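In the text below, chain A, chain B and the rest are named by the order of the sequence lines, each starting its count at 1. Computed from a predicted structure; not experimentally measured.
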Amino acid sequence: MHRWSQLFIPTLREAPADAEVASHKLLLRAGYIRQLGAGIYSHLFLGTRAINKIVAIVREEMDTIGQEMHLPALNPMEVWAESGRWASMGDTMFRLKDRKGAELCLAMTHEEIMTSIARSELRSYKQLPQIWYQIQTKFRDEPRPKSGLLRVRQFLMKDAYSFDIDEAGLDASYAKHEAVYRRIFTRCGLEFLVVEADSGAMGGTGSQEFMVSTDAGEDLIASSSSGYAANVEKATSKLAPVADLAPTGDGLPELVHTPNQKTIDEVGAFLGVERVYQMKTMAYMVEHADSDEKQIKTVGKTRAVVVFLRGDHQLNETKLAAIAGGELRPMQAEEIVATFNAPAGFLGPIGLTAAPHPKKPGTLVILDKALEGRTNLIAGANKEEYHLRNVTPMRDFKPTLVADVRSVNEGELDPIGGQPLRIAKAVEIGHIFKLGYKYSKSMGASVLNRDGKEMTPIMGSYGIGIERILTAAIEQSAAKFAAQSANDPKASDAYALPPSIAPFQVVVTITNVREPALLAAGEEIALALDQAGIDVLLDDRDERAGVKFKDAELIGVPFRIAVGKKLAEGKVELLDRLANRTTDIPVGEAVQQMQTALSLN
RNA sequence: CGGGGCGUAGCGCAGUCUGGUAGCGCACCUGGUUCGGGACCAGGGGGUCGGAGGUUCAAAUCCUCUCGCCCCGACCA
């Protein structure tokens, strides 16, 4: 049994000025963590206990489908060079040299290491499927660590990798992870959402993220009441049909003089035409990763990418980057002139030469799906001071491809049930991803199939941010407490963790340790709880009751038993902080009442 | 990397503009009173003012350089 009087729980009355988000302030104030450097934190006693509980849940669930390993965090450069990530990871990877000058890195994930084990050990389809996982510290030199434990440079991750003989096997391994992830996050007491995610420029056939909705989050997710949920990087929507403008003149593109009218709004106002009837031109350059040799060989290291969007729509750069196959940057003035033969402000589709196919050289011209079938649009004329009327895609110009590259907006209808989309901030706590052959192929893993033929195993990778479970739980709870008492300025101080991940399940607060009866009763109750297998923290400090109550709340323990005045009547007070309910219970029933309360959570 | 802000006692801050013995609240230590919602009285300890260089009789304060941290934009668990 733990006695507060002997523990190191450095609670703070005020949060350090650097702390911004609720979980960061609370973790510091409650004595869970202390900062060592930007994005580098020590977990103190309470933090470690909470993390250990989360890890135990993750491990217990993962053990139902996979096997735990422990891999090196310190990796020789060669293994990362093989997959191409030594080059592609750039500054995000911590790199170092040993005394001999050999290059090493601190691992950010473990695809390479797992694949190298698979390659040297797996020989036969009979050994598949395999699911290997580990719970380990990862290192990432984040460009901008922030928000306490939410975005850090060193963190705990549960990462798992599956190896299957074929796609059906991968689908099964993926489905197992999805089910296990749902159990893990449910047991951790989180309200989460599973969303469709961007699988990145790397390819891959499927990817879902597990998200917890909170304003502290950095991701945006779109969801609706029909069950649709997607990262906005991936989300699509149904649009209300638009009645096109009537053609003017002979119905063919017609030049209009538009001096000094460059933006969509200026041109719209000048011509008296709303934004939905206009076509917006956006010009980028893609830069292909050095590792993508094939692409560079056929289309060059950089390539012009031109996108046409409806005037009132926003480009989604993630979607575009996935299609373009590299990193994007806006075109510079000379590049614009080289591509369009016209200055910015009057760019349009006509006269532009599109690559006939994405894999062929030339300008990659993309027409956003929302413009498919539209007619008589207003667009730039590729001529200074002129725009065109009556521009009709496919008739007047042919893009390289038609694709969804726009961002959805709040209120648009979801693509499956047609319900309005809500857009909210969220934290990503887990990600499951059908990797495909990227690593097994580049690193040369293979097994013999039933016919004695060499096959490349297909892989999946699956991650969980351990500390993020803690922070998400705190954010979620703090938001709820704040909403419940919106006019109470101290409300942001309050939160409570789910019993499954709280450092203790219950605090027994002896309101005054100088009264022998209270002290004895508190000791007795705490001992009984401890013997019943309940994680109890006995607050036996010689402090005033107010201090002890505040501290008990600050550390986020979900139940509190106060031993005080009512002991004279043989009663103690049980506070359920998650339900915000206080009940007086007979001393002798403390264990049983706690067991009941815990079983309900 | 670009933009903004901040480094003064463990935490929160004042002092910097206008150079002149380094301060306040909380926390900490001692004694006393108090004891169910962050008590009170009295006494006390603790600071290379982020670092280096410069200007000056004199620098937390002015100048130069540098390091660190936080926040806003491009990445991810």
Is the shortest distance from a Lys or Arg side-chain nitrogen in A:Arg3 or A:Glu523 to a carboxylate oxygen in the other one below 4.0 Å?
yes
Run the salt-bridge test on A:Lys566 and A:Asp584 with the 4.0 Å N-O cut-off and return the result as yes or no.
yes
What does [X] touch in the nucleic acid at a heavy-atom separation under 4.0 angstrom: a base, only the sugar-phosphate, or nothing?
| X | value |
| --- | --- |
| A:Val427 | nothing |
| A:Lys146 | sugar-phosphate |
| A:Asp159 | nothing |
| A:Pro16 | sugar-phosphate |
| A:Ala15 | sugar-phosphate |
| A:Arg541 | nothing |
| A:Glu142 | base |
| A:Ile464 | nothing |

Send over the distance from [X] [atom1] to [N] [atom2], rounded to a whole Å.
| X | N | atom1 | atom2 | result |
| --- | --- | --- | --- | --- |
| A:Met62 | B:A77 | CE | C1' | 14 Å |
| A:Gln35 | B:G10 | CD | C1' | 15 Å |
| A:Arg560 | B:G37 | CZ | C1' | 9 Å |
| A:Leu44 | B:C11 | CG | P | 14 Å |
| A:Lys550 | B:G36 | NZ | P | 16 Å |
| A:Glu553 | B:G37 | CD | P | 12 Å |
| A:Glu218 | B:C71 | CD | P | 10 Å |
| A:Phe549 | B:C35 | CZ | P | 15 Å |

Would A:Asp551 and A:Thr11 count as having a side-chain donor-acceptor pair, cut-off 3.5 Å?
yes
Examine A:Arg140 relative to A:Phe155 and say whether NZ or CZ is less than 6.0 Å from the centre of the six-membered ring and inside a 45° cone about the ring axis.
no
Given the ring of A:Trp80, does A:Arg95 sit roughly above its face, with NZ or CZ under 6.0 Å from the centre of the six-membered ring and within 45° of the axis?
no
Taking atom [atom1] in both [N] and [M], what distance in whole Å separates the two?
| N | M | atom1 | value |
| --- | --- | --- | --- |
| B:G46 | B:A9 | C1' | 6 Å |
| B:U18 | B:C62 | C1' | 11 Å |
| B:G51 | B:A59 | C1' | 15 Å |
| B:G47 | B:U8 | C1' | 8 Å |
| B:U30 | B:A52 | P | 36 Å |
| B:G10 | B:G36 | P | 34 Å |
| B:C26 | B:G43 | P | 14 Å |
| B:C24 | B:G68 | C1' | 26 Å |

Can you give me the closest heavy-atom contact between A:Thr509 and A:Lys548, atom names plus distance?
CG2-CB, 3.9 Å
If every non-hydrogen atom of A:Gly522 is compared with every non-hydrogen atom of A:Leu538, which pair is closest and at what distance?
O-CD1, 3.8 Å
Nucleotide of [options] approaching [X] most closely (side-chain heavy atoms):
| X | options | answer |
| --- | --- | --- |
| A:Arg153 | B:G36, B:C35, B:C69 | B:C69 |
| A:Asn512 | B:C71, B:G12, B:C35 | B:C35 |
| A:Lys565 | B:G36, B:A77, B:C76 | B:G36 |
| A:Thr11 | B:G38, B:C76, B:C70 | B:G38 |
| A:Glu14 | B:C70, B:G25, B:A77 | B:G25 |

Taking N and O atoms by type only, does the side chain of [X] place a donor or acceptor under 3.5 Å from a partner on the base of [N]?
| X | N | value |
| --- | --- | --- |
| A:Asp551 | B:G38 | yes |
| A:Glu543 | B:G38 | no |
| A:Arg151 | B:A77 | no |
| A:Asp18 | B:C71 | no |
| A:Arg13 | B:G10 | no |

Assigned partner base of [N], Watson-Crick or wobble definition, under 3.5 Å:
| N | value |
| --- | --- |
| B:G73 | B:C1 |
| B:G7 | B:C67 |
| B:C57 | B:G20 |
| B:U30 | B:A42 |
| B:G47 | none |

OP1 or OP2 of B:A39 less than 4.0 angstrom from a side-chain nitrogen or oxygen of A:Arg544, does that happen here?
yes
Under-4.0 Å side-chain N/O to phosphate OP1/OP2 contact, A:Arg144 with B:A74:
no
Answer yes or no: is there a side-chain heavy-atom contact under 4.5 Å between A:Ile464 and A:Met157?
no
Pick the closest RNA chain B nucleotide for A:Glu233 and for A:Lys566 by heavy atoms, then say which residue is nearer the 5' end.
A:Lys566
Hey, which of these two, A:Ser147 or A:Thr511, hits RNA chain B nearer its 5' end, going by closest nucleotide?
A:Thr511
Over 60° means perpendicular and under 30° means parallel, so classify the ring planes of A:Phe94 and A:Phe139, tilted if in between.
perpendicular
Does the side-chain ring of A:Phe155 sit on the six-membered ring of the B:A77 base, less than 5.5 Å centre to centre and under 30° in tilt?
yes
